Engineer: 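This structure is in C-alpha cells; I'll ask about it shortly.
Quick note: numbers below take in every heavy atom, side chains included, and nothing from hydrogens, waters or symmetry partners. It should be emphasised that the depicted structure is a prediction, and the values quoted were computed from it without experimental measurement.
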Amino acid sequence: MNRRILCQFKDDSGELLGTPIDLPIDIDKHGLEKLCQALISSEKDQEVEEDVPYLFFVNENEISSNLEEALKNRNDFEKTTEIVYQPQAIFKVRSVTRCSSTIEGHTEAVISVAFSPDGKQLASGSGDTTVRFWDLTTETPLHQCSGHKNWVLCVAWSPDGQKLASADKNSNIMIWDSETGKQIGKTLCQHRQWVTYLCWKPLHL
C-alpha cells in the first residue's frame, strides 16, 4: 500500500493555494504540475497554459523526480508538508516564413547594416565601397555616400541619429551627416588593420 502525505501548495510569496490535499508520497513532478494547474485554474479563476513548466520545492529542496526523493531525510509525516511552486518563463518564437520586403541598390555584397535610433532609416555598407541611407517608410534610397576605397565593413549610428560612422577594409573611418549624406570632417585613419566594429559613446555619458 502506497504511503500518502498531507500537502499544502503555496507560491514563493507565501500565498496559499487551495486547502491541504492528501497526496501519494511517490507523486512525480509531472503529476504535481497537473494538480497545481488545476488548483490555480479553480481557485484563482484564471486560465493556465498547460505547457508552462513549474518548479516545486520542499524545505528549499527542489523536487526533481518525485516527492518521496525530496523528503528522504524527513520522518515527521504527520505534519502538513508545504510545497512551494514557481511558474517558469516560457518563450514562444514565431518562425520567419517570408521576407517582408527587399530593397535593391548596392552593386556588390551588403556587408553591414544598422537601423537608425528612431527606426525610420536604414544604413548599409557594401563591397561596392559605398554607404547608403534608406527610407524605411517608402523603401527608397535617401543618400549614396562615396569616399571609401575598399569594402565597408561596419556602420554605426550616433545615439541622436544625426550622424553615421562607417569603417572599411583600408582601416579608414568616415563620419556622415544623415540629413544630407555629406561627409563630416576628415577621414580618420590611425588604425593599421581592418576596422570591423564601431561604437558611439552613449548619449547620457
Engineer: Which pair of non-hydrogen atoms, one from Ser178 and one from Gly161, has the smallest distance, and what is that distance?
Structural biologist: OG-O, 2.9 Å

Engineer: Any heavy-atom pair between the side chains of Cys7 and Leu67 that's under 4.5 Å?
Structural biologist: yes

Engineer: Can you tell me how far the OG atom of Ser158 sits from the CG atom of Leu164, to the nearest 0.5 Å?
Structural biologist: 8.0 Å

Engineer: Identify the heavy atoms of Cys145 and Gly181 that sit nearest to each other, and give their distance.
Structural biologist: SG-O, 3.3 Å

Engineer: Ignoring hydrogens and angles, tell me if any N or O in the side chain of Ser116 forms a donor-acceptor pair with the backbone of Leu122 under 3.5 Å.
Structural biologist: no

Engineer: Only counting residues at least two apart or in another chain, list the ones meeting side chain to side chain contact (heavy atoms under 4.5 Å, CB included) with Thr102.
Structural biologist: Cys99, Glu104

Engineer: Mind checking whether Val58 and Ile63 have side chains closer than 4.5 Å, heavy atoms only?
Structural biologist: yes

Engineer: Kindly give the heavy-atom pair with the smallest separation between Val155 and Ala123, and that separation in Å.
Structural biologist: CG2-O, 4.0 Å

Engineer: So Tyr54 and Tyr85, would you call those rings parallel, tilted or perpendicular, with 30° and 60° as cut-offs?
Structural biologist: tilted

Engineer: Has the side chain of Arg3 got a donor or acceptor atom that lies under 3.5 Å from a matching backbone atom of Ile25?
Structural biologist: no

Engineer: If you round to the nearest 0.5 Å, how far is OG1 of Thr138 from NZ of Lys120?
Structural biologist: 12.5 Å

Engineer: Consider only side-chain heavy atoms of I, L, V, M, F, W and Y, link residues closer than 4.5 Å, and tell whether Ile111 and Val113 are in one cluster.
Structural biologist: no

Engineer: Please answer: with hydrophobic residues joined when any side-chain heavy atoms are less than 4.5 Å apart, are Leu198 and Leu153 in the same cluster?
Structural biologist: no

Engineer: Tell me, yes or no, whether the heavy-atom count around Trp157 atom CH2, taken from other residues, nucleotides or ligands under 6.0 Å, exceeds 12.
Structural biologist: yes

Engineer: So do the side chains of Pro53 and Glu33 get within less than 4.5 Å of each other, counting heavy atoms only?
Structural biologist: yes

Engineer: Using the rule that two of Ile, Leu, Val, Met, Phe, Trp, Tyr join whenever any of their side-chain heavy atoms come within less than 4.5 Å, decide whether Leu35 and Phe57 are in one cluster.
Structural biologist: no

Engineer: Membership question, hydrophobic clusters at under 4.5 Å side-chain separation (ILVMFWY): are Phe56 and Val84 in the same one?
Structural biologist: no

Engineer: Quick check: closest heavy atoms across Leu136 and Gly119, and the distance to 0.1 Å?
Structural biologist: CD1-O, 3.5 Å

Engineer: Is there a side-chain contact between Val152 and Ser126 (heavy atoms, below 4.5 Å)?
Structural biologist: no

Engineer: Nearest 0.5 Å, what's the CG-CD1 distance between Asn66 and Ile27?
Structural biologist: 9.5 Å

Engineer: Working to the nearest 0.5 Å, report the span between OG of Ser42 and CD of Gln37.
Structural biologist: 13.5 Å

Engineer: Between Thr80 and Gln8, is the side-chain hydrogen bond (donor to acceptor under 3.5 Å, both in side chains) condition met? List the steps.
Structural biologist: CA-CA 7 Å; Thr80 301; Gln8 171 68 65; over 6 Å; no

Engineer: With distance as the sole test, does Gln193 use its side chain to make a donor-acceptor pair with the main-chain N or O of His191 at under 3.5 Å?
Structural biologist: no

Engineer: Please name the pair of heavy atoms, one in Trp151 and one in Gly127, separated by the smallest distance, quoted to 0.1 Å.
Structural biologist: CD1-O, 3.5 Å

Engineer: Which atoms form the tightest heavy-atom contact between Cys189 and Asn172, and what is the distance?
Structural biologist: CB-OD1, 3.1 Å

Engineer: State plainly whether one hydrophobic cluster holds both Phe115 and Trp134, where clusters connect Ile, Leu, Val, Met, Phe, Trp and Tyr through side-chain heavy atoms under 4.5 angstrom apart.
Structural biologist: yes

Engineer: Is the count of non-hydrogen atoms from other residues, nucleotides or ligands lying under 6.0 Å from Glu179 atom CD greater than 12?
Structural biologist: no

Engineer: Could you tell me whether the side chain of Leu71 reaches within less than 4.5 Å of the side chain of Ile5, counting heavy atoms only?
Structural biologist: yes

Engineer: Taking Trp200 for the side chain and Ala156 for the main chain, is one N or O donor matched with an acceptor at less than 3.5 Å?
Structural biologist: yes

Engineer: Supply the atom-to-atom distance Lys72 NZ to Asn61 CG, rounded to the nearest 0.5 angstrom.
Structural biologist: 9.0 Å

Engineer: Could you walk me through whether Phe9 and Leu32 pass the side chain to side chain contact (heavy atoms under 4.5 Å, CB included) check?
Structural biologist: CA-CA 10 Å; Phe9 285 99; Leu32 290 173; 3.9 Å; yes

Engineer: Apply the side chain to side chain donor-acceptor pair (under 3.5 Å) test between Asn150 and each candidate in Asn170, Thr129, Asp168; give the one that qualifies.
Structural biologist: Asn170

Engineer: Got a second to check how far Thr180's OG1 is from Leu142's CG, nearest 0.5 Å?
Structural biologist: 11.5 Å

Engineer: Main chain of Gln144, side chain of Thr130: is a donor-acceptor contact present, judged purely on distance under 3.5 Å?
Structural biologist: no

